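Every chain is numbered from 1, with letters handed out A, B, ... down the list of sequences. Computed from a predicted structure; not experimentally measured.
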Protein chains: 2
Amino acid sequence: MQDGKTAARGAARAGSGAGASRSEKLLFLTDEQLRQSAELLFFAYRDFTSDPDEILAARGLGRAHHRALHFIRRRPGITVAGLLEILRVTKQSLNRVLRQLVDEGLVESTEGLQDRRQRNLRLSPAGEALERALSEPQRARLRRAYALAGPEAVAGFRQVLEQMLDGAGRDGVLSMVGSDADERS
Amino acid sequence: MQDGKTAARGAARAGSGAGASRSEKLLFLTDEQLRQSAELLFFAYRDFTSDPDEILAARGLGRAHHRALHFIRRRPGITVAGLLEILRVTKQSLNRVLRQLVDEGLVESTEGLQDRRQRNLRLSPAGEALERALSEPQRARLRRAYALAGPEAVAGFRQVLEQMLDGAGRDGVLSMVGSDADERS
DNA sequence: TGTAATCCGTCAACAAGGCTGACATAAATC
DNA sequence: GATTTATGTCAGCCTTGTTGACGGATTACA
(Lines give C-alpha, C1' and ligand atoms only; values in the text may rest on other atoms or scores of the structure.)
Protein backbone atom coordinates (compact mmCIF):
# COMPACT_ATOMS: atom_id res chain seq x y z
CA MET A 1 0.00 0.00 0.00
CA GLN A 2 2.11 2.80 1.18
CA ASP A 3 5.77 3.29 1.02
CA GLY A 4 8.31 5.81 -0.05
CA LYS A 5 9.42 8.28 2.55
CA THR A 6 6.63 7.18 4.78
CA ALA A 7 7.68 3.59 5.06
CA ALA A 8 11.31 4.55 5.30
CA ARG A 9 10.56 6.81 8.20
CA GLY A 10 8.66 4.54 10.47
CA ALA A 11 10.34 1.22 10.29
CA ALA A 12 8.55 0.78 13.56
CA ARG A 13 5.86 -1.81 13.29
CA ALA A 14 2.24 -1.11 13.74
CA GLY A 15 1.20 -1.66 17.28
CA SER A 16 -2.11 -3.22 16.44
CA GLY A 17 -1.78 -6.89 16.93
CA ALA A 18 -5.16 -8.42 17.58
CA GLY A 19 -4.58 -11.10 15.01
CA ALA A 20 -6.20 -11.40 11.63
CA SER A 21 -9.57 -12.28 13.00
CA ARG A 22 -11.53 -9.65 11.20
CA SER A 23 -10.00 -9.97 7.82
CA GLU A 24 -7.43 -12.04 6.08
CA LYS A 25 -5.68 -8.92 4.92
CA LEU A 26 -3.53 -7.41 7.60
CA LEU A 27 -3.23 -3.72 8.17
CA PHE A 28 0.32 -2.63 8.74
CA LEU A 29 0.03 0.91 9.88
CA THR A 30 2.95 2.86 11.18
CA ASP A 31 2.48 5.72 13.55
CA GLU A 32 3.40 8.01 10.72
CA GLN A 33 0.63 6.60 8.56
CA LEU A 34 -1.83 7.04 11.36
CA ARG A 35 -0.70 10.64 11.70
CA GLN A 36 -1.46 11.09 8.03
CA SER A 37 -4.96 9.87 8.62
CA ALA A 38 -5.39 12.28 11.48
CA GLU A 39 -4.20 15.06 9.24
CA LEU A 40 -6.54 14.10 6.45
CA LEU A 41 -9.41 14.06 8.88
CA PHE A 42 -8.40 17.49 10.11
CA PHE A 43 -8.39 19.01 6.64
CA ALA A 44 -11.57 17.31 5.54
CA TYR A 45 -13.44 18.40 8.62
CA ARG A 46 -12.08 21.91 8.36
CA ASP A 47 -13.26 22.23 4.78
CA PHE A 48 -16.56 20.61 5.62
CA THR A 49 -17.35 23.00 8.42
CA SER A 50 -16.16 26.03 6.52
CA ASP A 51 -19.04 25.84 4.08
CA PRO A 52 -21.85 27.50 6.01
CA ASP A 53 -19.76 30.20 7.59
CA GLU A 54 -20.53 33.04 5.21
CA ILE A 55 -24.26 32.56 5.53
CA LEU A 56 -23.95 32.48 9.27
CA ALA A 57 -21.77 35.55 9.41
CA ALA A 58 -24.22 37.46 7.27
CA ARG A 59 -26.86 36.87 9.92
CA GLY A 60 -24.63 37.53 12.85
CA LEU A 61 -24.63 33.91 13.91
CA GLY A 62 -21.90 31.36 14.43
CA ARG A 63 -21.28 27.67 14.23
CA ALA A 64 -22.79 27.10 17.61
CA HIS A 65 -26.10 28.27 16.19
CA HIS A 66 -25.77 25.95 13.26
CA ARG A 67 -25.20 23.00 15.53
CA ALA A 68 -28.25 23.84 17.58
CA LEU A 69 -30.39 24.28 14.47
CA HIS A 70 -29.17 20.99 13.08
CA PHE A 71 -30.02 18.92 16.11
CA ILE A 72 -33.32 20.62 16.77
CA ARG A 73 -34.30 19.89 13.22
CA ARG A 74 -33.27 16.27 13.50
CA ARG A 75 -35.08 15.80 16.79
CA PRO A 76 -38.06 18.13 16.78
CA GLY A 77 -39.48 18.55 20.25
CA ILE A 78 -36.16 17.85 21.92
CA THR A 79 -35.78 19.28 25.40
CA VAL A 80 -33.05 21.59 26.54
CA ALA A 81 -31.52 18.80 28.58
CA GLY A 82 -31.52 16.54 25.55
CA LEU A 83 -29.75 19.13 23.48
CA LEU A 84 -27.24 19.70 26.25
CA GLU A 85 -26.39 16.02 26.28
CA ILE A 86 -25.86 15.91 22.54
CA LEU A 87 -23.77 19.03 22.29
CA ARG A 88 -21.88 18.47 25.53
CA VAL A 89 -21.72 22.08 26.46
CA THR A 90 -22.92 23.85 29.58
CA LYS A 91 -26.43 25.11 29.84
CA GLN A 92 -25.12 28.64 30.10
CA SER A 93 -23.32 28.29 26.84
CA LEU A 94 -26.27 26.68 25.11
CA ASN A 95 -28.71 29.14 26.57
CA ARG A 96 -26.88 32.08 25.09
CA VAL A 97 -27.20 30.52 21.65
CA LEU A 98 -30.75 29.34 22.16
CA ARG A 99 -31.95 32.70 23.37
CA GLN A 100 -30.76 34.37 20.20
CA LEU A 101 -32.40 31.74 18.04
CA VAL A 102 -35.70 32.12 19.88
CA ASP A 103 -35.48 35.91 19.84
CA GLU A 104 -34.94 35.90 16.11
CA GLY A 105 -37.89 33.63 15.56
CA LEU A 106 -35.86 30.69 14.28
CA VAL A 107 -36.63 28.31 17.12
CA GLU A 108 -39.89 27.84 18.96
CA SER A 109 -39.77 26.90 22.60
CA THR A 110 -42.99 25.50 24.01
CA GLU A 111 -43.91 24.21 27.41
CA GLY A 112 -43.56 20.48 27.83
CA LEU A 113 -46.81 18.53 27.61
CA GLN A 114 -46.26 15.91 30.27
CA ASP A 115 -43.72 17.90 32.25
CA ARG A 116 -44.28 21.60 32.16
CA ARG A 117 -40.82 22.35 33.47
CA GLN A 118 -39.36 21.21 30.22
CA ARG A 119 -39.19 23.13 27.00
CA ASN A 120 -39.78 21.45 23.69
CA LEU A 121 -37.72 22.95 20.92
CA ARG A 122 -38.52 22.97 17.23
CA LEU A 123 -37.65 25.03 14.22
CA SER A 124 -39.98 27.69 12.92
CA PRO A 125 -40.44 27.84 9.15
CA ALA A 126 -37.77 30.52 9.08
CA GLY A 127 -35.52 28.29 11.14
CA GLU A 128 -36.10 25.40 8.77
CA ALA A 129 -35.23 27.59 5.84
CA LEU A 130 -32.03 28.79 7.45
CA GLU A 131 -30.96 25.34 8.52
CA ARG A 132 -31.54 24.07 5.05
CA ALA A 133 -29.51 26.87 3.53
CA LEU A 134 -26.71 26.22 5.98
CA SER A 135 -26.54 22.51 5.48
CA GLU A 136 -27.06 22.46 1.75
CA PRO A 137 -23.42 23.14 0.83
CA GLN A 138 -22.39 20.43 3.26
CA ARG A 139 -24.77 17.94 1.75
CA ALA A 140 -23.56 18.90 -1.70
CA ARG A 141 -19.99 18.26 -0.61
CA LEU A 142 -20.89 14.85 0.76
CA ARG A 143 -22.97 13.97 -2.26
CA ARG A 144 -20.13 14.80 -4.57
CA ALA A 145 -17.50 13.02 -2.49
CA TYR A 146 -19.70 9.95 -2.20
CA ALA A 147 -20.37 9.85 -5.90
CA LEU A 148 -16.68 10.13 -6.71
CA ALA A 149 -15.55 7.59 -4.16
CA GLY A 150 -18.24 5.02 -4.84
CA PRO A 151 -20.56 2.90 -2.71
CA GLU A 152 -17.96 0.61 -1.18
CA ALA A 153 -15.88 3.58 -0.12
CA VAL A 154 -18.94 5.18 1.42
CA ALA A 155 -19.70 2.04 3.37
CA GLY A 156 -16.13 1.93 4.61
CA PHE A 157 -16.21 5.60 5.47
CA ARG A 158 -19.22 5.10 7.66
CA GLN A 159 -17.85 1.95 9.24
CA VAL A 160 -14.64 3.64 10.28
CA LEU A 161 -16.45 6.68 11.61
CA GLU A 162 -18.71 4.47 13.70
CA GLN A 163 -15.76 2.61 15.12
CA MET A 164 -14.12 5.88 16.03
CA LEU A 165 -16.95 6.84 18.34
CA ASP A 166 -16.48 6.67 22.07
CA GLY A 167 -17.80 3.38 23.28
CA ALA A 168 -19.78 5.13 25.95
CA GLY A 169 -21.93 7.12 23.60
CA ARG A 170 -21.79 4.89 20.56
CA ASP A 171 -25.17 3.28 20.98
CA GLY A 172 -26.85 6.59 21.55
CA VAL A 173 -25.18 8.17 18.57
CA LEU A 174 -25.88 5.28 16.27
CA SER A 175 -29.50 5.06 17.24
CA MET A 176 -29.82 8.72 16.50
CA VAL A 177 -27.85 8.63 13.31
CA GLY A 178 -29.54 5.49 12.24
CA SER A 179 -33.08 6.27 13.16
CA ASP A 180 -35.24 6.41 10.10
CA ALA A 181 -37.97 7.47 12.45
CA ASP A 182 -37.26 11.08 11.81
CA GLU A 183 -37.87 10.92 8.12
CA ARG A 184 -41.32 12.30 8.77
CA SER A 185 -40.15 15.90 8.63
CA MET B 1 -21.64 -3.55 14.05
CA GLN B 2 -20.46 -3.49 10.47
CA ASP B 3 -23.95 -3.82 9.27
CA GLY B 4 -27.35 -4.09 10.72
CA LYS B 5 -28.96 -0.74 10.62
CA THR B 6 -26.04 0.83 8.87
CA ALA B 7 -25.93 -1.54 5.97
CA ALA B 8 -29.66 -1.40 5.74
CA ARG B 9 -29.33 2.26 5.37
CA GLY B 10 -28.26 2.24 1.80
CA ALA B 11 -24.58 2.84 1.94
CA ALA B 12 -24.28 -0.79 1.00
CA ARG B 13 -26.12 -0.96 -2.24
CA ALA B 14 -23.19 -2.56 -3.91
CA GLY B 15 -24.59 -5.90 -4.75
CA SER B 16 -23.10 -6.49 -8.14
CA GLY B 17 -20.00 -8.54 -8.22
CA ALA B 18 -19.55 -7.84 -11.88
CA GLY B 19 -16.88 -5.63 -13.29
CA ALA B 20 -19.03 -2.56 -13.09
CA SER B 21 -16.84 0.39 -12.27
CA ARG B 22 -17.55 2.01 -9.01
CA SER B 23 -18.95 5.11 -10.59
CA GLU B 24 -21.58 3.04 -12.36
CA LYS B 25 -23.03 1.79 -9.14
CA LEU B 26 -25.57 4.34 -8.18
CA LEU B 27 -25.90 5.85 -4.78
CA PHE B 28 -29.39 6.84 -3.81
CA LEU B 29 -28.94 9.17 -0.94
CA THR B 30 -31.70 11.31 0.42
CA ASP B 31 -30.98 14.60 2.08
CA GLU B 32 -31.88 12.97 5.34
CA GLN B 33 -29.28 10.27 4.83
CA LEU B 34 -26.68 12.86 4.00
CA ARG B 35 -27.58 14.68 7.19
CA GLN B 36 -26.95 11.46 9.06
CA SER B 37 -23.50 11.29 7.58
CA ALA B 38 -22.81 14.85 8.62
CA GLU B 39 -23.93 13.97 12.10
CA LEU B 40 -21.75 10.90 12.26
CA LEU B 41 -18.80 12.95 11.14
CA PHE B 42 -19.57 15.50 13.81
CA PHE B 43 -19.63 12.94 16.60
CA ALA B 44 -16.59 11.07 15.38
CA TYR B 45 -14.56 14.22 15.07
CA ARG B 46 -15.72 15.46 18.43
CA ASP B 47 -14.65 12.25 20.12
CA PHE B 48 -11.42 12.19 18.18
CA THR B 49 -10.38 15.67 19.19
CA SER B 50 -11.44 15.20 22.78
CA ASP B 51 -8.65 12.72 23.45
CA PRO B 52 -5.68 14.99 24.11
CA ASP B 53 -7.52 17.65 26.03
CA GLU B 54 -6.65 16.56 29.55
CA ILE B 55 -2.95 16.43 28.80
CA LEU B 56 -3.12 19.87 27.26
CA ALA B 57 -5.09 21.34 30.11
CA ALA B 58 -2.58 19.97 32.62
CA ARG B 59 0.11 22.00 30.90
CA GLY B 60 -1.96 25.10 30.41
CA LEU B 61 -2.15 24.65 26.68
CA GLY B 62 -5.01 24.30 24.26
CA ARG B 63 -5.89 22.68 20.99
CA ALA B 64 -4.26 25.44 19.04
CA HIS B 65 -0.95 24.42 20.55
CA HIS B 66 -1.55 20.81 19.62
CA ARG B 67 -2.23 21.77 16.03
CA ALA B 68 0.96 23.79 15.84
CA LEU B 69 3.00 20.99 17.40
CA HIS B 70 1.51 18.47 15.01
CA PHE B 71 2.33 20.38 11.85
CA ILE B 72 5.76 21.47 12.98
CA ARG B 73 6.56 17.86 13.70
CA ARG B 74 5.30 16.74 10.33
CA ARG B 75 7.20 19.46 8.50
CA PRO B 76 10.33 20.23 10.49
CA GLY B 77 11.90 23.48 9.39
CA ILE B 78 8.60 24.92 8.23
CA THR B 79 8.45 28.70 8.15
CA VAL B 80 5.92 30.83 9.94
CA ALA B 81 4.28 31.68 6.64
CA GLY B 82 4.01 28.00 5.79
CA LEU B 83 2.35 27.24 9.07
CA LEU B 84 -0.01 30.15 8.60
CA GLU B 85 -1.10 28.77 5.27
CA ILE B 86 -1.78 25.34 6.69
CA LEU B 87 -3.65 26.48 9.74
CA ARG B 88 -5.45 29.35 8.02
CA VAL B 89 -5.35 31.67 10.96
CA THR B 90 -3.93 35.14 11.27
CA LYS B 91 -0.30 35.64 12.12
CA GLN B 92 -1.32 37.41 15.32
CA SER B 93 -3.28 34.39 16.40
CA LEU B 94 -0.55 31.97 15.49
CA ASN B 95 2.13 34.14 17.02
CA ARG B 96 0.47 34.05 20.40
CA VAL B 97 0.53 30.26 20.35
CA LEU B 98 4.01 30.04 18.89
CA ARG B 99 5.46 32.41 21.44
CA GLN B 100 4.26 30.23 24.28
CA LEU B 101 5.65 27.12 22.67
CA VAL B 102 9.03 28.73 22.13
CA ASP B 103 9.07 30.22 25.63
CA GLU B 104 8.37 26.83 27.13
CA GLY B 105 11.13 25.24 25.15
CA LEU B 106 8.87 23.04 23.07
CA VAL B 107 9.59 24.65 19.70
CA GLU B 108 12.87 25.93 18.36
CA SER B 109 12.85 28.91 16.06
CA THR B 110 16.00 29.47 14.04
CA GLU B 111 16.93 32.03 11.46
CA GLY B 112 16.36 30.95 7.89
CA LEU B 113 19.45 29.83 6.04
CA GLN B 114 18.81 31.25 2.60
CA ASP B 115 16.45 33.99 3.74
CA ARG B 116 17.25 35.37 7.14
CA ARG B 117 13.89 37.05 7.45
CA GLN B 118 12.29 33.68 7.80
CA ARG B 119 12.18 31.49 10.87
CA ASN B 120 12.53 27.75 10.64
CA LEU B 121 10.47 25.93 13.23
CA ARG B 122 11.13 22.52 14.70
CA LEU B 123 10.29 20.63 17.84
CA SER B 124 12.74 20.34 20.68
CA PRO B 125 13.05 16.91 22.31
CA ALA B 126 10.57 18.08 24.92
CA GLY B 127 8.25 19.22 22.16
CA GLU B 128 8.55 15.86 20.43
CA ALA B 129 7.71 14.11 23.65
CA LEU B 130 4.67 16.25 24.27
CA GLU B 131 3.41 15.93 20.72
CA ARG B 132 3.76 12.20 20.93
CA ALA B 133 1.87 12.05 24.20
CA LEU B 134 -0.87 14.20 22.75
CA SER B 135 -1.33 12.26 19.56
CA GLU B 136 -0.94 8.80 21.01
CA PRO B 137 -4.56 8.44 22.15
CA GLN B 138 -5.68 9.63 18.74
CA ARG B 139 -3.50 7.11 16.98
CA ALA B 140 -4.77 4.41 19.30
CA ARG B 141 -8.32 5.35 18.40
CA LEU B 142 -7.59 5.18 14.70
CA ARG B 143 -5.66 1.94 15.04
CA ARG B 144 -8.54 0.33 16.83
CA ALA B 145 -11.19 1.65 14.47
CA TYR B 146 -9.16 0.58 11.46
CA ALA B 147 -8.62 -2.89 12.84
CA LEU B 148 -12.30 -3.34 13.56
CA ALA B 149 -13.48 -1.96 10.25
CA GLY B 150 -10.96 -3.74 8.09
CA PRO B 151 -8.68 -2.76 5.22
CA GLU B 152 -11.33 -2.13 2.60
CA ALA B 153 -13.22 0.12 4.93
CA VAL B 154 -10.02 2.03 5.68
CA ALA B 155 -9.37 2.54 2.01
CA GLY B 156 -12.91 3.80 1.54
CA PHE B 157 -12.61 6.05 4.53
CA ARG B 158 -9.56 7.71 3.10
CA GLN B 159 -11.04 7.98 -0.37
CA VAL B 160 -14.11 9.78 0.88
CA LEU B 161 -12.09 12.12 3.06
CA GLU B 162 -9.89 13.03 0.13
CA GLN B 163 -12.87 13.74 -2.06
CA MET B 164 -14.30 15.96 0.63
CA LEU B 165 -11.34 18.31 0.48
CA ASP B 166 -11.67 21.68 -1.17
CA GLY B 167 -10.51 21.39 -4.72
CA ALA B 168 -8.30 24.42 -4.28
CA GLY B 169 -6.13 22.96 -1.58
CA ARG B 170 -6.51 19.30 -2.40
CA ASP B 171 -3.20 18.84 -4.16
CA GLY B 172 -1.31 20.54 -1.40
CA VAL B 173 -3.03 18.57 1.28
CA LEU B 174 -2.62 15.27 -0.47
CA SER B 175 1.05 15.78 -1.13
CA MET B 176 1.46 16.57 2.52
CA VAL B 177 -0.46 13.63 3.83
CA GLY B 178 1.42 11.44 1.43
CA SER B 179 -1.61 10.22 -0.37
CA ASP B 180 -1.12 6.89 -1.93
CA ALA B 181 -3.97 5.11 -0.33
CA ASP B 182 -5.79 5.32 -3.61
CA GLU B 183 -5.44 6.61 -7.08
CA ARG B 184 -8.00 9.15 -7.97
CA SER B 185 -8.33 9.95 -11.63
C1' DT C 1 22.30 52.73 -4.54
C1' DG C 2 18.05 53.80 -3.04
C1' DT C 3 13.36 52.30 -2.73
C1' DA C 4 9.94 48.98 -2.37
C1' DA C 5 8.32 44.59 -1.02
C1' DT C 6 8.46 40.74 2.13
C1' DC C 7 8.79 38.11 6.60
C1' DC C 8 8.18 38.33 11.09
C1' DG C 9 6.89 40.16 15.71
C1' DT C 10 3.99 42.88 18.55
C1' DC C 11 0.48 46.07 20.75
C1' DA C 12 -4.37 47.06 21.23
C1' DA C 13 -9.05 46.15 20.94
C1' DC C 14 -12.70 43.19 20.17
C1' DA C 15 -15.92 38.93 19.47
C1' DA C 16 -17.45 34.13 19.66
C1' DG C 17 -18.09 30.60 22.44
C1' DG C 18 -16.40 27.71 25.76
C1' DC C 19 -16.11 27.47 31.21
C1' DT C 20 -17.40 27.90 36.64
C1' DG C 21 -20.18 29.59 40.34
C1' DA C 22 -24.20 31.38 42.26
C1' DC C 23 -28.92 32.11 42.42
C1' DA C 24 -34.12 32.11 41.12
C1' DT C 25 -38.46 30.05 39.70
C1' DA C 26 -41.75 26.85 38.53
C1' DA C 27 -43.13 22.24 38.48
C1' DA C 28 -42.78 17.54 39.76
C1' DT C 29 -41.87 14.11 43.19
C1' DC C 30 -41.56 12.09 47.61
C1' DG D 1 -44.50 20.40 53.05
C1' DA D 2 -39.83 19.53 51.67
C1' DT D 3 -36.89 18.29 48.16
C1' DT D 4 -35.45 17.48 43.63
C1' DT D 5 -35.52 18.64 38.81
C1' DA D 6 -35.58 21.58 34.49
C1' DT D 7 -34.70 25.74 33.01
C1' DG D 8 -33.09 30.57 32.85
C1' DT D 9 -29.93 34.15 34.06
C1' DC D 10 -26.14 37.22 35.93
C1' DA D 11 -21.24 37.84 36.42
C1' DG D 12 -16.77 36.88 35.32
C1' DC D 13 -13.00 34.36 33.25
C1' DC D 14 -10.31 31.87 29.42
C1' DT D 15 -8.91 30.42 24.75
C1' DT D 16 -8.64 31.45 20.29
C1' DG D 17 -10.09 33.65 16.58
C1' DT D 18 -10.48 38.52 14.22
C1' DT D 19 -8.80 43.78 12.40
C1' DG D 20 -5.81 47.45 12.33
C1' DA D 21 -1.55 49.56 12.98
C1' DC D 22 3.26 49.80 13.32
C1' DG D 23 8.40 48.66 13.35
C1' DG D 24 12.71 46.15 12.27
C1' DA D 25 15.38 43.30 9.47
C1' DT D 26 16.22 41.56 5.13
C1' DT D 27 15.66 40.82 0.36
C1' DA D 28 14.42 42.17 -4.35
C1' DC D 29 14.24 45.41 -7.78
C1' DA D 30 14.56 49.69 -10.69
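For D:dG17, the OP1/OP2 oxygens have a side-chain nitrogen or oxygen of B:Arg67 closer than 4.0 Å. Distances shown here put a side-chain N or O of A:Arg116 below 4.0 Å from the OP1 or OP2 atom of C:dA27. For D:dT15, the OP1/OP2 oxygens have no side-chain nitrogen or oxygen of B:His65 closer than 4.0 Å. For B:Thr90 and D:dT18, the shortest distance from a side-chain N or O to OP1 or OP2 is below 4.0 Å. Of the side-chain N and O atoms in A:Arg99, one or more sit less than 4.0 angstrom from OP1 or OP2 of D:dT9.
Following rounding to the nearest Å, A:Gln92 (CD) and D:dG8 (P) show an atom-to-atom distance of 12 Å. In this structure, A:Leu101 atom CG and C:dG17 atom C1' are separated by 13 Å, rounded to whole Å. Atom C1' of nucleotide D:dT18 and atom CG of B:Asn95 are separated by 15 Å, given to the nearest angstrom. The distance from atom CZ of A:Arg59 to atom C1' of C:dA16 is 18 Å, rounded to the nearest whole Å. For B:Leu56 and C:dC19, the CG to P distance is 16 Å, given to the nearest whole Å. Distance CZ (B:Arg119) to P (C:dT10): 10 Å, rounded to an integer number of Å. B:Arg46 has its CZ atom 15 Å from the C1' atom of C:dG18, to the nearest Å. Atom CG of A:Leu83 and atom P of C:dG17 are 15 Å apart (whole Å).
At distances below 3.5 Å, at least one donor-acceptor pair connects side-chain atoms of B:Arg144 with backbone N or O atoms of A:Gln163. Judged by distance alone, with hydrogens and angles left aside, the side-chain atoms of B:Thr90 form a donor-acceptor pair with the main-chain N or O of B:Ser93 at under 3.5 Å.
For A:Arg96 against C:dG18, a side-chain N or O and a base N or O form a donor-acceptor pair under 3.5 Å.
Between B:Arg139 and B:Asp51 no salt bridge is recorded (no basic side-chain N to carboxylate O distance below 4.0 Å). Using a cut-off of 4.0 Å between Lys/Arg side-chain N and Asp/Glu carboxylate O, B:Glu108 and B:Arg122 are scored as not salt-bridged.
The residue among A:Val97 and B:Thr79 whose nearest nucleotide of DNA chain C lies closer to the 5′ end is B:Thr79. Where B:Leu98 and A:Arg117 each meet DNA chain C at their nearest nucleotide, the meeting point lying more 5' is that of B:Leu98.
Distances from the side chain of B:Lys91 to the nucleotides D:dG8, D:dT26, D:dA21 place D:dA21 closest. Among D:dT27, C:dA27, C:dA22, the nucleotide with an atom closest to any side-chain atom of A:Glu111 is C:dA27. Of the candidate nucleotides D:dT7, C:dC7, D:dG17, D:dG17 has the atom nearest to the side chain of B:Ser93.
Counting non-hydrogen atoms under 4.0 angstrom, A:Gln114 reaches the backbone sugars and phosphates but no base.
To the nearest 0.5 Å, atom CG of residue B:Leu161 and atom CD of residue A:Glu39 are 12.5 Å apart.
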